[in-house]
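The sequence lines fix the lettering, A, B, ..., with proteins before strands; numbering per chain opens at 1. Just so it is clear, the structure is predicted and the values come from calculations on it, not from any experiment.
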There are 2 protein chains.
Amino acid sequence: MNLSQIELLRVLQETNLNLSKAAEKMHIVQSAVSRQLQLFEAELGSPLFERQGKKLVGMTSLGLSIMDEVATINRAKANIQHIASDFLDSNKGTLHIATTHTQAKYFLPKPIARFREKYPGVNIYMVQASPEQLIDQLHNRKADVAICTERVDLVPDLILETCYRWYHSIVVPHEHPLAEGLITLERISQYPILTYSFGYTGRSNIENAFNQANLELDIILAASDTDVIKTYVRLGLGVGLIAGMAYDPIVDKDLVARDLSHLISSSSTKIAYLKHNYLPQYSKHFIEELLIAGKENSY
Amino acid sequence: MNLSQIELLRVLQETNLNLSKAAEKMHIVQSAVSRQLQLFEAELGSPLFERQGKKLVGMTSLGLSIMDEVATINRAKANIQHIASDFLDSNKGTLHIATTHTQAKYFLPKPIARFREKYPGVNIYMVQASPEQLIDQLHNRKADVAICTERVDLVPDLILETCYRWYHSIVVPHEHPLAEGLITLERISQYPILTYSFGYTGRSNIENAFNQANLELDIILAASDTDVIKTYVRLGLGVGLIAGMAYDPIVDKDLVARDLSHLISSSSTKIAYLKHNYLPQYSKHFIEELLIAGKENSY
DNA sequence: TAAGGTTACGGCGATCGTAACGATC
DNA sequence: GATCGTTACGATCGCCGTAACCTTA
């Protein structure tokens with residue numbers, strides 16, 4: 001058994017059990033891959049893959065039952081390499097952050113600024129993506145840390161930390177009826193709504209609140225991006241239902257924000273990163289900064 | 001990086017960083033080990049070991065920080081091998097049980113008999129040892145499962161399952177004053193005591209009970225073995241303070257057992273096995289049998 | 001000087017690449 | 001015949017063992 005054989009198993013999974021593709025990925029010729037697989041199976045004493053003729057069409061139960069261990073070894077190997085390269089120059093490196101537009105624009109600026117002060121040598125790459133993509137980014141190791149609100153529960157091999165809690169608000173032009181008076185779900189539901197796309201920024205909490213009150217929402221625009229929503233609110237298309245922190249009293253002074261904390265339950269923005277994955281010191285520090293910034297926030 | 005280099009790191013730890021001993025353990029010459037270590041350090045870019053002259057005297061912080069991953073890889077590798085050899089003939093194999101005398105004699109016979117009925121092809125090796133040794137047996141992979149009462153809490157990388165709870169009893173000859181009347185700690189403390197050695201079979205619970213009552217015990221004999229205790233009780237040396245389940249109404253009919261459940265808090269016998277360690281199907285079944293037998297017991 | 005570690009060098013074996021072949025769609 | 005996998009064979013590179021050498025208790 002050797003590490004390239006272990007790696008081969010991983011690559012084979014990624015290539016739908018195609019030996020030729022796997023060989024390409026591993027920068028060796030296909031025949032070498034074929035032999036290595038045979039050698040490994042011979043060493044273990046029984047096949048790891050089901051074959052139809054010569055084609056690999058699936059894994060044997062033995063193959064399946066060792067894949068956990070295979071993944072563990074590959075993870076640990078990558079971790080060793082990261083730890084070592086990290087050690088060489090501990091304050092240089094790259095931090096990959098995956099997040100959604102709302103977080104990137106309204107929450108991250110402060111913690112990122114603080115982080116850059118402390119680690120000026122670390123390059124920051126920010127990837128914007130949908131909540132589901134965020135998790136893929138982590139799994140593909142394209143991101144070290146993800147920050148988002150929805151769809152991150154119940155994913156195993158992720159570590160989740162609640163960063164901060166916040167409430168939704170509505171935003172309307174000053175002359176809109178909802179700019180005045182007591183806000184209720186009933187009143188809101190009488191107007192066309194502009195809010196986040198499904199799966200974004202606490203959208204599910206919005207759904208739940210109105211569903212429970214047996215009210216239907218007339219969502220005429222769904223965007224993944226608060227700025228788009230605000231733009232169309234300004235045009236008078238309807239009521240913007242956005243994250244409270246996305247209202248800026250200065251920039252948005254032509255709009256009125258009304259807090260909905262009594263109507264829609266709080267959403268929590270979370271920090272997610274891979275379990276069993278080595279994070280360099282500066283990444284851990286960044287997470288610290290996020291948590292601190294989260295505590296300072298009170299939207 | 002390759003698996004033997006990873007293994008080398010483990011072996012070096014076990015040999016107090018002695019390259020020659022490590023080479024011996026790995027069945028290669030010392031110069032090969034020296035070179036492999038250099039190659040690995042070169043690959044990672046910085047040394048893993050502190051050196052005084054040429055001698056290895058400790059690990060660098062890099063070395064220390066990768067040892068977790070190293071251990072993980074070694075574990076996973078061993079697991080793969082176990083899973084595979086297990087797969088070859090799933091109902092043959094060997095089950096190594098580490099336990100103390102009391103468990104071996106009074107608790108294990110029934111679950112082991114049941115286990116043998118279901119897996120007649122599995123050889124059972126039982127190692128008797130002190131509670132501390134039990135844990136070493138697990139870590140050294142000399143045992144798959146350990147069953148014992150004391151000293152197993154707070155050890156990381158062990159999985160613990162409570163098997164059953166039991167109480168202490170005293171045993172005395174029929175003519176002894178304690179054979180009659182209400183049993184109290186005060187009464188017991190007036191006689192010479194024969195009980196378990198320190199660290200064995202709930203001994204710490206005994207200590208605690210008498211300490212809290214501000215009573216001193218005159219322990220004139222401490223054995224790791226209930227039979228020794230009973231033998232000397234028969235000779236009239238004093239009061240035997242033993243695990244309740246170690247009194248056999250038939251074999252020990254010349255002795256009287258008095259329950260102490262109202263005086264000494266219950267002890268719990270636990271099943272311990274290594275986290276992250278592959279156990280074959282039959283071993284898991286054995287643990288099931290232990291839990292079942294534990295539930296049936298009511299000492 | 002014994003014990004532990006490094007360096008130099010030759011040889012062997014593991015693994016790769018080339019290439020021809022076999023199977024399956 | 002295109003794709004995918006296996007087998008054969010020669011070449012290469014990695015790794016081991018021998019052996020001489022260095023260093024420190």
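Using a 4.0 Å heavy-atom distance criterion, Leu37(B) is classed as making no nucleic acid contact. When heavy atoms are screened at a 4.0 angstrom cut-off, Gln38(B) is found touching the sugar-phosphate backbone but no base atom. Looking at heavy-atom distances under 4.0 Å, Gln36(B) makes contact with sugar-phosphate atoms alone, never a base. Nucleic acid contact for Asn2(B): sugar-phosphate only, since backbone atoms but no base atoms lie under 4.0 Å from a heavy atom of the residue.
In this structure, Lys77(B) pairs ionically with Glu7(B), as a charged nitrogen and a carboxylate oxygen lie closer than 4.0 Å. Glu14(B) and Lys25(B) are joined by a salt bridge, as a carboxylate oxygen and a charged side-chain nitrogen come within less than 4.0 angstrom of each other. Salt bridge Lys284(B)/Glu288(B): absent, no basic N to carboxylate O contact under 4.0 Å.
With hydrogens and angles ignored, no donor-acceptor pair under 3.5 angstrom links the side chain of Ser34(B) to the base of dT7(C). Between the side chain of Arg35(B) and the base of dG17(D) there is at least one donor-acceptor pair of N/O atoms closer than 3.5 Å.
Here the nucleotide nearest the side chain of Asn18(A), chosen from dC16(C), dG5(D), dA8(C), is dG5(D).
Glu289(A) and His285(A) share a donor-acceptor pair across their side chains, judged by distance under 3.5 Å alone.
If Ser4(A) and Gln52(A) are placed on DNA chain C by their nearest nucleotide, the residue sitting closer to the 5' end is Ser4(A).
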